[in-house]
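Quick caveat: nothing in here was measured; it's all calculated off a predicted structure. In listed order, ligands and their atoms are each counted from 1.
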Amino acid sequence: MKRTPLIAGNWKMHLTIQEAVALAKEIAKSSQGLEDRKVMIAPAATSLNAVAKAVRESPVIVAGQNVAWKQQGAYTGEISPLMLKDAGADMAIIGHSERRHIFGEDNAMINQRMVGALTYGITPILCVGETLDERDDGLTWEVLKAQIREGMETIASEQAEKIVIAYEPVWAIGTGKTASKEQAQEAHLFIRGVLEGIYEKKLAEQMRILYGGSVKPDNVDDLMKMPDVDGALVGGAALQSDSFDRIIHFS
Ligand code: 13P
């Protein structure tokens, strides 16, 4: 089964509008001519529209870092799928570990965000991953299974095929401690099995599963060689054009 790899940069709470546009332009330039892979960037909400305009003539996809489940309403601090589309985004990161652990988002809320995004035409990247304590306690598979099953609840096959999953072990995020390629492969294969349990095998084999957590120019090639690693969700190394350029040109 051939899955088109996706390299996604999550800029988190970094960069002014001017800095974001400058970086986006560099990325648009380095993404030209890349036919066999897709490139996505998720700027902060304040830069979203300016970044979308800056990459309009390029193949770069723009994403929000989160998304609400309603089109509009009294939801202070939230951004609706309609607003994301209006600003120029086609995708949204949902359930990032920082949303789960710093801002207390649970699987039920993440599911609402998933359903809302799909309803209004935003493609979700659902992030899952265990903490170090959970891994040490032997709970990794249980945690991943619950995050996937509860996060995807009520989502039908026709919608699920668009969804991208990102496996981001919490202990590997921003720590410089990448999962080994074997650990990543093991988790991705497990996740594909969970998807197969919800949907049919064919669909589970179509869905892309990205790895995230200290992806760098010097480990991306090894990770991307693994059969179930279909791309990367990159934090720190996505903030510099030279390192992100190397990552999107993985071999
Ligand atoms: P780092 O690449 O900085 O570890 O961040 C990973 C991440 O959280 C991407 O969403």
Side-chain angles (χ1 to χ4, degrees), residues 5-15 19-20 23-24 27 38-45 47-48 51 60-67 79 84 89 91-105 110 113-114 117 122-132 134-135 140 143-144 147-148 151 163-181 183-184 187-188 191 208-224 226 229-250:
L6 173 66
I7 301 293
N10 174 9
W11 292 356
K12 307 193 179 183
M13 199 172 70
H14 292 286
L15 309 178
E19 290 164 345
L23 179 57
I27 294 168
K38 302 261 184 227
V39 175
M40 187 210 90
I41 48 180
S47 316
L48 201 61
V51 164
V60 175
I61 302 162
V62 177
Q65 295 180 9
N66 202 357
V67 64
I79 299 171
L84 278 189
M91 300 184 77
I93 297 170
I94 299 179
H96 190 276
S97 92
E98 286 142 22
R99 297 305 317 171
R100 292 176 188 268
H101 296 108
I102 305 173
F103 300 100
E105 295 193 12
I110 287 159
R113 294 188 188 279
M114 294 285 293
I122 291 284
T123 301
I125 299 188
L126 171 62
C127 301
V128 298
E130 79 288 1
T131 63
L132 189 57
E134 288 162 346
R135 179 162 276 260
T140 299
V143 168
L144 293 180
Q147 288 174 335
I148 303 268
I163 295 172
V164 177
I165 307 284
Y167 169 60
E168 298 204 299
V170 181
W171 47 271
I173 296 178
T175 57
K177 196 173 179 293
T178 322
S180 67
K181 56 185 195 300
Q183 281 173 322
H188 286 218
I191 290 167
R208 284 177 292 186
I209 306 175
L210 317 184
Y211 168 77
S214 300
V215 174
K216 306 285 176 206
D218 62 4
N219 58 30
V220 67
D221 294 342
D222 272 352
L223 287 161
M224 290 303 298
M226 304 314 280
V229 176
D230 308 314
L233 184 52
V234 188
L239 291 169
Q240 269 94 39
S241 60
D242 52 349
S243 55
F244 196 61
D245 178 75
R246 172 63 187 86
I247 291 172
I248 66 178
H249 287 91
F250 72 85

I'd like to know if the side chain of [X] reaches the main chain of [Y], judged simply by a donor and an acceptor atom lying under 3.5 Å from each other, with no hydrogens or angles considered.
| X | Y | answer |
| --- | --- | --- |
| Ser214 | Ala172 | yes |
| Arg100 | Cys127 | yes |
| Asn10 | Gly235 | no |

Looking only at protein heavy atoms, which one is nearest to atom 9 (C) of ligand 1, and how far off is it?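 Here the closest protein heavy atom is Glu168 OE2, 2.9 Å.
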
Note the single closest protein heavy atom to atom 3 (O) of ligand 1, along with its residue, its atom name and the distance in Å.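 Protein heavy atom with the smallest distance to atom 3 (O) of ligand 1: Gly236 N, 2.9 Å.
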
Polar side chain donor-acceptor pair, Gln65 to His96, under 3.5 angstrom: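 Judged by distance alone, the side chains do not pair up.
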
Using a strict 4.0 Å cut-off to heavy atoms of [X], name the atoms of ligand 1 that fall inside it.
| X | answer |
| --- | --- |
| Leu233 | 9 (C), 10 (O) |
| Gly174 | 1 (P), 3 (O), 4 (O) |
| Gly213 | 4 (O), 6 (C) |
| Asn10 | 9 (C), 10 (O) |
| Ser214 | 1 (P), 2 (O), 4 (O) |

Heavy-atom contact under 4.0 Å between [X] and ligand 1?
| X | answer |
| --- | --- |
| Lys12 | yes |
| Ala172 | yes |
| Ala237 | no |

side-chain hydrogen bond (donor to acceptor under 3.5 Å, both in side chains) with Arg135: which residues, sequence neighbours excluded?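 side-chain hydrogen bond (donor to acceptor under 3.5 Å, both in side chains) list for Arg135, sorted by chain: Glu130, Tyr167.
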
Are any of the N/O atoms in [X] less than 3.5 Å from those in ligand 1?
| X | answer |
| --- | --- |
| Lys216 | no |
| Gly235 | yes |
| Gly212 | no |
| His96 | yes |

In a check of side chain to side chain donor-acceptor pair (under 3.5 Å) between Thr178 and each of Asp222, Asp218, Asn219, which one passes?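 Result: among Asp222, Asp218, Asn219, Asn219 is the only option passing the side chain to side chain donor-acceptor pair (under 3.5 Å) with Thr178.
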
With side chains defined as the heavy atoms from C-beta onward, is the minimum distance between Glu134 and Val170 less than 4.5 Å?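 They are not in side-chain contact.
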
Could you check if a side-chain atom of Phe250 sits within less than 4.5 angstrom of a side-chain atom of Pro5, using non-hydrogen atoms only?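 The answer is yes; the side chains approach within 4.5 Å.
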
Minimum heavy-atom separation for Ile122 to Ala89, with atom names?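 Scanning both residues completely, I find the closest heavy atoms to be CD1-O, 3.6 Å.
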
State plainly whether the residues Arg246 and Asp221 are in salt-bridge range, i.e. N to O under 4.0 Å.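 Result for this pair is yes, salt bridge flagged.
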
Ligand 1 contact on Ile173 by region, counting heavy-atom pairs under 4.0 Å: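 Both backbone and side chain of Ile173 come within 4.0 Å of ligand 1.
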
